[in-house]
A.B. asks: 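Got a structure for you, written out below as structure tokens; questions coming shortly.
Quantities reported herein were computed from a predicted structural model and do not represent experimental measurements. In this chain, numbering begins with 1 at the start of the sequence shown.
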Amino acid sequence: MAYNKRDEYYTCFEKHYHCYSLAHVAKPQHEAGDKIIMPQSAFDRLAHTEVGYPMMFELCNLSSGKTTHCGVVEFTADEGFIYLPNWVMDNMKLQEYELARVTNVSLAKATYMKLQPHTKGFLDELSNPRAVLEAILRKFSCLTTGDTIMIMHNESKYYIDVLETKPSNAVSITETDCEVDFAPPLDYNEPDEKLVKRKVPFPSQVEEQSKQQQQVVKEEANNKFKAFTGKGKVLGFK
């Protein structure tokens, strides 16, 4: 619907902005999350647009066509600009000052997501990865299948691929209970089940060694990566 001077109302928000990373405004506290900073004029327009709350947007790199989704944390950017977390810039392959299209969207609440950490450090260095993830994702508004997100914990950065989301490829994770599954980390290697051949000095030891080898194989099979197999746990992002 076009702008109506009588009721000053819109049905859609869509604008093109030059992109800068948050380093330009010295607000590192907003790096941990998916929210961007927009100009005051965007707020004025959105106030007269049919939007849901919290506000969510589709962000499109006009050069590559890659899209993701995000929220907004402030309306203090300079006119004509938006400021994004650095990891969002990387995920979108956006260069400083490059143009992006921002469109308001309404997303279904997430019911399921499958995530894949890039490194085993996410599992080895965190005592409770699921609890940490649940706490940090409260700073996110939405997730998009195919994205690589970054979470921060104790000054460490962990990158995670979003492999799948339901009920759609882009979902809201605000005020929802969501089932979460994890795939093994990208740098995880399956254990080698091939046993090292051993010399058998006496025939009487063959049977005993065979039993020992079978036990080793069984133990190694039990020790395979099982941290996130089976039915996913339900996390609440509220």
A.B. asks: Below 4.5 Å, heavy atoms only, C-beta onward: do Val72 and Phe57 meet side chain to side chain?
C.D. replies: yes
A.B. asks: Determine whether the side chains of Tyr83 and Glu74 contain a donor N or O and an acceptor N or O closer than 3.5 Å.
C.D. replies: no
A.B. asks: How many angstroms lie between OH in Tyr17 and CE in Met38, if you round to the nearest 0.5 Å?
C.D. replies: 4.5 Å
A.B. asks: Compare every heavy atom of Thr176 with every heavy atom of Lys109, then report the nearest pair and how far apart it is.
C.D. replies: CB-OG1, 3.9 Å
A.B. asks: Taking side chain as C-beta onward, heavy atoms only, is Cys12 less than 4.5 Å from Asn104?
C.D. replies: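 Sidechains of Asn104 and Cys12: in contact.
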A.B. asks: Indicate whether any N or O donor in one side chain lies under 3.5 Å from an N or O acceptor in the other, for Thr145 and Thr165.
C.D. replies: yes
A.B. asks: Verify the neighbour count for atom CD of Gln40: are there more than 12 heavy atoms of other residues, nucleotides or ligands below 6.0 Å?
C.D. replies: yes
A.B. asks: Any side-chain to backbone donor/acceptor pair from Glu58 onto Val102? Under 3.5 Å, distance only.
C.D. replies: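 Not at all, since once roles are kept as given, no pair shorter than 3.5 Å links the two residues.
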A.B. asks: For Leu133 and Phe182: C-alpha separation, side-chain torsions, deciding distance, then whether side chain to side chain contact (heavy atoms under 4.5 Å, CB included) applies.
C.D. replies: CA-CA 11 Å; Leu133 183 71; Phe182 284 85; 3.4 Å; yes
A.B. asks: Of Thr67, Ile82, Asn91, which meets side chain to side chain contact (heavy atoms under 4.5 Å, CB included) against Leu59?
C.D. replies: Ile82
A.B. asks: So for atom CZ, which belongs to Phe75, do other residues, nucleotides or ligands contribute more than 12 heavy atoms lying within a distance under 6.0 Å?
C.D. replies: yes
A.B. asks: Let me confirm one number: the OG-CZ distance from Ser141 to Arg138, rounded to the nearest 0.5 Å.
C.D. replies: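 Interatomic distance, Ser141 OG to Arg138 CZ, rounded to 0.5 Å: 14.0 Å.
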A.B. asks: With a 4.5 Å heavy-atom cut-off, do Tyr159 and Ile149 have their side chains touching?
C.D. replies: no
A.B. asks: Should we say atom NZ of Lys27 is surrounded by more than 12 heavy atoms from elsewhere, each under 6.0 Å from it?
C.D. replies: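 Enclosed.
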A.B. asks: Going only through I, L, V, M, F, W and Y residues with side-chain contacts under 4.5 Å, is there a path from Ile37 to Tyr97?
C.D. replies: yes
A.B. asks: Using side-chain heavy atoms (C-beta onward) and a distance below 4.5 Å, is Leu84 in contact with Leu22?
C.D. replies: no
A.B. asks: Taking Lys66 first and then Asp147, would you say they form a salt bridge - that is, a charged N and a carboxylate O separated by under 4.0 Å?
C.D. replies: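 Between Asp147 and Lys66 there is a salt bridge, with a charged N closer than 4.0 Å to a carboxylate O.
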A.B. asks: Are Thr76 and Val25 side-chain neighbours, meaning at least one heavy-atom pair lies under 4.5 Å?
C.D. replies: no
A.B. asks: Just so I know, are the side chains of Val171 and Leu107 near enough to count as touching, which here means a heavy-atom distance under 4.5 Å?
C.D. replies: no
A.B. asks: State, without any angle test, whether Ser63 and Glu98 hold a side-chain donor-acceptor pair at a distance under 3.5 Å.
C.D. replies: yes
A.B. asks: Measure up the His18 and Phe81 rings against each other and bin them: parallel (under 30°), tilted (30 to 60°), perpendicular (over 60°).
C.D. replies: tilted
A.B. asks: When you look at His69 and Val105, which way does the side chain to side chain contact (heavy atoms under 4.5 Å, CB included) test go after all the steps?
C.D. replies: CA-CA 9 Å; His69 298 81; Val105 293; 4.0 Å; yes
A.B. asks: Between Leu143 and Met113, is a side chain to side chain contact (heavy atoms under 4.5 Å, CB included) present by the stated rule, with each step listed?
C.D. replies: CA-CA 9 Å; Leu143 289 178; Met113 67 178 73; 3.6 Å; yes
A.B. asks: Looking at CZ of Arg45 and CD of Glu14, how far apart are the two atoms once the value is rounded to the nearest 0.5 Å?
C.D. replies: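 Taking CZ in Arg45 and CD in Glu14, the distance rounds to 9.5 Å.
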A.B. asks: Test of understanding: clusters of I, L, V, M, F, W, Y form through side-chain heavy atoms closer than 4.5 Å, transitively. Do Met152 and Val73 belong to the same one?
C.D. replies: no
A.B. asks: Indicate the atoms forming the closest heavy-atom contact of Cys142 with Ile173, along with that distance.
C.D. replies: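 Closest heavy-atom pair between Cys142 and Ile173: N-CG1, 4.0 Å.
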A.B. asks: Return yes if a side-chain donor-acceptor contact under 3.5 Å exists between Asp161 and His118, otherwise no.
C.D. replies: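 A donor-acceptor contact under 3.5 Å links the two side chains.
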A.B. asks: Do Trp87 and Tyr158 make the cut of ring centroids closer than 6.0 angstrom?
C.D. replies: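 Not close enough - the centres of the two rings lie 6.0 Å or further apart.
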A.B. asks: Once rounded to the nearest 0.5 Å, what's the spacing between atom NE2 of His48 and atom CZ of Phe13?
C.D. replies: 13.5 Å
A.B. asks: Evaluate the criterion side chain to side chain contact (heavy atoms under 4.5 Å, CB included) for residue pair Leu115 and Leu163; output intermediate values, then yes/no.
C.D. replies: CA-CA 6 Å; Leu115 308 176; Leu163 300 183; over 6 Å; no
A.B. asks: Which heavy atom of Gln116 sits nearest a heavy atom of Pro184, and at what distance?
C.D. replies: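 Closest approach of Gln116 to Pro184, heavy atoms only: NE2-O, 2.9 Å.
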A.B. asks: So, for Gly80 and Pro39, which heavy atoms are closest and what is the spacing to 0.1 Å?
C.D. replies: N-CG, 4.5 Å
A.B. asks: In the structure I gave you, are the side-chain heavy atoms of Phe122 and Lys120 within less than 4.5 Å of one another anywhere?
C.D. replies: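 No, side chains not in contact.
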A.B. asks: Which distance, rounded to the nearest 0.5 Å, do you find between the CD of Glu31 and the CE of Met150?
C.D. replies: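 These two atoms lie 5.5 Å from each other.
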A.B. asks: Can we say Glu134 and Arg130 salt-bridge, meaning some charged N sits less than 4.0 Å from an Asp/Glu carboxylate O?
C.D. replies: no
A.B. asks: Counting N and O atoms only, with roles assigned by atom type, does the side chain of Asn86 sit under 3.5 Å from a partner on the main chain of Ser21, one being a donor and the other an acceptor?
C.D. replies: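 Not at all, since once roles are kept as given, no pair shorter than 3.5 Å links the two residues.
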A.B. asks: Please examine the side chains of Asp90 and Met92, heavy atoms only from C-beta on, and report whether any two atoms are closer than 4.5 Å.
C.D. replies: no
A.B. asks: So, the side chain of Asn61 versus the backbone of Lys93: is there a donor-acceptor pair under 3.5 Å, distance only?
C.D. replies: yes
A.B. asks: Please report the shortest heavy-atom distance between Pro167 and Ala108, naming the atom on each side.
C.D. replies: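 Between these two residues, the closest heavy atoms are CG-CB, 3.8 Å.
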A.B. asks: What distance do Lys157 atom NZ and Thr119 atom OG1 have between them, rounded to the nearest 0.5 Å?
C.D. replies: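 If I round to the nearest 0.5 Å, the distance is 13.5 Å.
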A.B. asks: For a quick check under 3.5 Å, do Glu179 and Thr111 share a side-chain donor-acceptor pair by atom type?
C.D. replies: no
A.B. asks: Quick check against the 3.5 Å criterion: does Lys35 have a side-chain atom that pairs as donor or acceptor with the backbone of Lys139?
C.D. replies: yes
A.B. asks: Minimum heavy-atom separation for Phe140 to Gly33, with atom names?
C.D. replies: CE1-CA, 3.7 Å
A.B. asks: Can you see whether Tyr112 has Lys166 sitting over its ring - NZ or CZ less than 6.0 Å from the centre and within 45° of the normal?
C.D. replies: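 Yes, Lys166 sits over the ring of Tyr112.
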